Each structure stands twice: as structure tokens, then as C-alpha cells.
*Asks:* 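Once you've had a glance at the structure underneath, I'll fire off some questions.
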Amino acid sequence: MTITSPHLGSPSVWTDARLLYALEEVVEKELDRHLKVAKDWMPHEYVPWSDGRNFPGLFEDGEAWDKEQSKVTEIGRIALVVNLLTEDNLPSYHHEIATLFGRDGAWGTWVHRWTAEEGRHGIVMRDYLLASRAVDPDKLEQFRMAHMSEGFESDNRHSMLHSVAYVAFQELATRISHRNTGLQSGDPVCDRMLARIATDENLHMVFYRNLLRAAFEIAPDLTMQAVRDVVVNFRMPGHGIPGFERAAAQMAIGEVYNLRIHHDDVLQPVLRFLKIMEIDGLGPEGRQAQEELGLFMGGLDAEAAKFDERLAARKARLAARAGA
């Protein structure tokens, strides 16, 4: 793809304020498209309320939690907790994007709409987990308090373009994580709930991905640098969750989210859509960022291949033990 717009990649030309103004019409167009295709849904319709019963506390007939009370698999339980705690930090996410994108005009309308839609995810997931007794409710609340008490600061809050680039990938990563969690959960009810959430996350990804494409048309060098920085330094917003590293490792082994999934199902689809490596007409800094991005993706693919080999070997060992 050749950039046909004037080369305006200099930071002295494109401030955050100017970029927000220049992209306002694109935001309005994408918001209209989103509202036409997004479907309202009721969180309470996805919760198995008839499975619910009292926990110990104010109720004398309360029954203590035990993991055997739920059909959810161990990897499903781990991933559900990580995914819910990530959704729980919505107030911090809203503050971040409202501060960066603003609360007025099309930008503000999108920020509030996105927040309202994301709010459903935490509601339905917590209701499902408690009604189905899939997780220890005391530990879940303790984790929530610890995680939210730390707050959240985006790695990309310094730049509007970096923030748009980040959420284009992060929304897809969240979609994939929810979808794979549902598939690995062992509970068809959980699977249907997370598939519904994943549909929302995909629409959010499309919004930001299309916005990122428009940014390439007006500020190609800066946008390429932002994409390079975000891809190279990407980490999920839930990285501050207590025990996140261990949970992430378990989710990787359980094939909910790992290097291969990150490379093939998150980074590559967005980069292919944007035709990143085909963009021409860049200045020196843009070309350097493009080259570095290509090198990084090649290295990540190699690392993913090593992970694939280790995972296959682990599966073979487990199968051998099971057959012994």
C-alpha cells in the first residue's frame, strides 16, 4: 500500500490534540457503524440462577464453597478469574481513555458507549461464577480488592496513537482469551456466555483497527512507530493481578493464551489487515520502525515454534504416563 497523503510524520505537525481533531470524522463514522451492528443483550439471561444457593454468612443454611461443586475445569477456573479481574478494572480503564480521548463529541460518545458495553462483561461473569460456584467467592473478592486497590496506568498513556494501536491489539487479545476460556471450561453455559462477550470484544477491535488504518493515512511515520512500540512491548492490562505470572503460564500450557496464539491469532490478523509491511512512502523513522517490526515478528514466530515443541513434548509425556 502506498501512502498518498502528504507526509506529515513530524511530531511538530501532529500533536495529540491535532490527531484527535483530524480523526473525529472517522470516529463518528465508526461509531455509527458500530451502533448498527452491535446487539443489546441481557447479562442475566446467561446466568444459571437455578444452580445458585447461599454461601455461609448471614444465612444459616449457607453452604461452604468446594471446587467439586462446579463442572468448570481447573484451567477454566484459572482463566475465568484472570479474565474477570481484568474486566473489574473498568473504572481505571474508563478514566484512562476518557482523559486521553476526551468526553465530548464523537470521541466522548464512543468512550461512554464502550464503557457501558464492557460493564456487562464483568456483571455476567461474576454472576455466573457465583451462581455456578465455579470459584471460591472469598478469594475472588480478595483478589478484586487487591487488584483494584493498585489502580491501573496504561503503558501507552503518553501518546494518543500508541493508545489506539494498543487497544486494536488488546481488544482482539481479550476476545481470543475469552473465547478459548469458554472452549476449555468444560461447561456449555460458560462457553455460551464467553462467546457472547467475545462478540463484543471483536466489534471493539474492529472499531480501533479501522481507526488505526485511518491514522496511517494522515500520520504514517508516527503511526508505524506507535505500532512497532506497542507490538514489541505488548502486555495484557491484567498484568498487575496477584499471581498473574503463574496464572499466565498455566493459561499458556492450557492453550487459552500463549505465544503461538498471540502471534497467529492476535498480532498477525491486525497487521495483515493494515498491510503493514506493504506500506510505502514512509520517511526514515517510519521505514526503520517497519523493518524493526518485521524483524520482531520473525523472532516471535521462532519463539512460538520453540514453545510449540515444548508443549507437544509435554503432551507426549502425559499421554505416555496415562497409557502406562
Side-chain angles (χ1 to χ4, degrees), residues 67-68 70-86 125 129 134-136 139 143 147 155 166 169-188 190-195 197-198 201-202 205 228 230-273 276-277 292-324:
K67 66 179 182 180
E68 299 302 322
S70 169
K71 64 182 72 173
V72 170
T73 62
E74 184 62 22
I75 186 58
R77 188 175 359 265
I78 292 167
L80 279 163
V81 170
V82 170
N83 291 353
L84 174 57
L85 293 176
T86 301
M125 289 178 69
L129 291 175
V135 300
D136 183 334
K139 287 186 178 179
F143 283 149
H147 184 44
D155 296 333
Y166 175 75
F169 294 104
Q170 181 266 322
E171 292 284 4
L172 182 52
T174 304
R175 172 194 179 273
I176 295 298
S177 181
H178 282 312
R179 194 69 196 92
N180 287 344
T181 298
L183 294 172
Q184 300 283 359
S185 69
D187 182 6
C190 180
D191 189 23
R192 287 194 296 271
M193 173 192 66
L194 291 176
I197 292 175
E201 302 290 9
N202 195 64
M205 178 277 293
R228 183 267 320 272
V230 164
V231 169
V232 169
N233 299 298
F234 185 89
R235 59 179 181 168
M236 293 294 276
H239 58 80
I241 293 170
F244 178 79
E245 290 77 10
R246 176 175 171 77
Q250 292 170 307
M251 290 167 67
I253 294 171
E255 298 182 87
V256 172
Y257 200 97
N258 55 39
L259 276 179
R260 174 55 61 200
I261 293 169
H262 182 61
H263 177 277
D264 290 1
D265 299 336
V266 176
L267 298 182
Q268 285 285 29
V270 176
L271 295 177
R272 280 198 303 267
F273 176 85
I276 287 286
M277 303 313 295
E292 291 174 352
L293 181 60
L295 289 171
F296 176 82
M297 290 299 294
L300 184 64
D301 188 34
E303 287 298 313
K306 293 178 183 177
F307 174 83
D308 291 341
E309 292 174 1
R310 293 195 298 270
L311 186 59
R314 183 179 185 275
K315 289 180 178 179
R317 288 195 302 272
L318 291 176
R321 290 174 190 169

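This structure is a prediction, so every number in the text was calculated from the model and none was measured.
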*Asks:* Evaluate the side-chain contact (heavy atoms from CB on, under 4.5 Å) criterion for residues Val135 and Lys67: first the C-alpha distance (whole Å), next the side-chain angles of each, then the deciding distance (0.1 Å), finally the verdict.
*Replies:* CA-CA 7 Å; Val135 300; Lys67 66 179 182 180; over 6 Å; no
*Asks:* Any donor and acceptor pair, going by atom type alone, linking the side chain of Tyr257 with main-chain N or O of His178 inside 3.5 Å?
*Replies:* no
*Asks:* Within this structure, what is the CG-CD1 distance for the pair Leu85 and Ile241, rounded to the nearest 0.5 Å?
*Replies:*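 Those atoms lie 4.5 Å apart.
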*Asks:* As an exercise, state the distance from OG1 of Thr73 to CG of Asp187, rounded to the nearest 0.5 Å.
*Replies:* 9.5 Å
*Asks:* Quick check: closest heavy atoms across Ala173 and Phe234, and the distance to 0.1 Å?
*Replies:*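 The pair with the smallest heavy-atom distance is CB-CZ, 4.2 Å.
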*Asks:* Quick one: pull up CG in Leu259 and CZ in Arg310 and give me the separation to the nearest 0.5 Å.
*Replies:*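 Reported to 0.5 Å precision, the distance equals 8.0 Å.
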*Asks:* Report yes if some heavy atom in the side chain of Asn258 is under 4.5 Å from a heavy atom in the side chain of Met251; otherwise report no.
*Replies:*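 No, too far: nothing below the 4.5 Å cut-off.
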*Asks:* May I ask you to test the Tyr166-Asp155 pair for a side-chain heavy-atom distance under 4.5 Å?
*Replies:*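 Answer no - side chains too far apart.
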*Asks:* Below 4.0 angstrom, N of the basic side chain to O of the carboxylate: do Arg77 and Glu74 qualify?
*Replies:*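 Yes, Arg77 and Glu74 are salt-bridged.
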*Asks:* Which heavy atom of Pro188 sits nearest a heavy atom of Gly186, and at what distance?
*Replies:*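 Looks like CD-O, 4.0 Å.
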*Asks:* How close do Thr181 and Gly76 get, heavy atom to heavy atom, and via which atoms?
*Replies:*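 Heavy atoms of Thr181 and Gly76 come nearest at CG2-O, 4.1 Å.
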*Asks:* For the CG atom of Asn83 and the OG1 atom of Thr174, what is their distance to the nearest 0.5 Å?
*Replies:*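 Going from CG on Asn83 over to OG1 on Thr174, the span is 8.0 Å.
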*Asks:* For Thr86 versus Gly238, what's the shortest heavy-atom pair and its separation?
*Replies:* OG1-CA, 3.7 Å
*Asks:* Do Leu311 and Glu255 come close enough that some side-chain heavy atom pair is under 4.5 Å?
*Replies:*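 With C-beta onward as the side chain, the pair touches.
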*Asks:* Which of these, Leu194, Asn202, Asn180, sits in a side chain to side chain contact (heavy atoms under 4.5 Å, CB included) with Arg175?
*Replies:* Asn202
*Asks:* Throw together a table of side-chain donor-acceptor distances under 3.5 angstrom for residues 293-305, partners on residues two or more places apart or in other chains.
*Replies:*
from, atom 1, to, atom 2, distance (Å)
Asp301, OD1, Arg260, NH1, 2.8
Asp301, OD1, Arg260, NH2, 3.3

*Asks:* Are any of the side-chain heavy atoms of Leu172 and Val270 separated by less than 4.5 Å?
*Replies:* yes
*Asks:* Any side-chain heavy atom of Leu80 sitting closer than 4.5 Å to one from Leu129?
*Replies:*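 When only atoms from C-beta onward are counted, Leu129 and Leu80 do touch, with a gap below 4.5 Å.
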*Asks:* Testing the basics here: between Pro242 and His147, what is the closest heavy-atom pair and its distance to 0.1 Å?
*Replies:*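 Heavy atoms only, the tightest pair is CD-CB, 4.2 Å.
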*Asks:* Rounded at 0.5 Å granularity, tell me how far CG in Leu271 sits from NE2 in His263.
*Replies:* 8.5 Å
*Asks:* When rounded to the nearest 0.5 angstrom, what distance separates OG in Ser177 from CD1 in Ile197?
*Replies:*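 The distance works out to 10.5 Å.
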*Asks:* Tell me the closest heavy-atom pair linking Val82 and Ala247, and the distance in Å.
*Replies:* CG2-CB, 3.6 Å
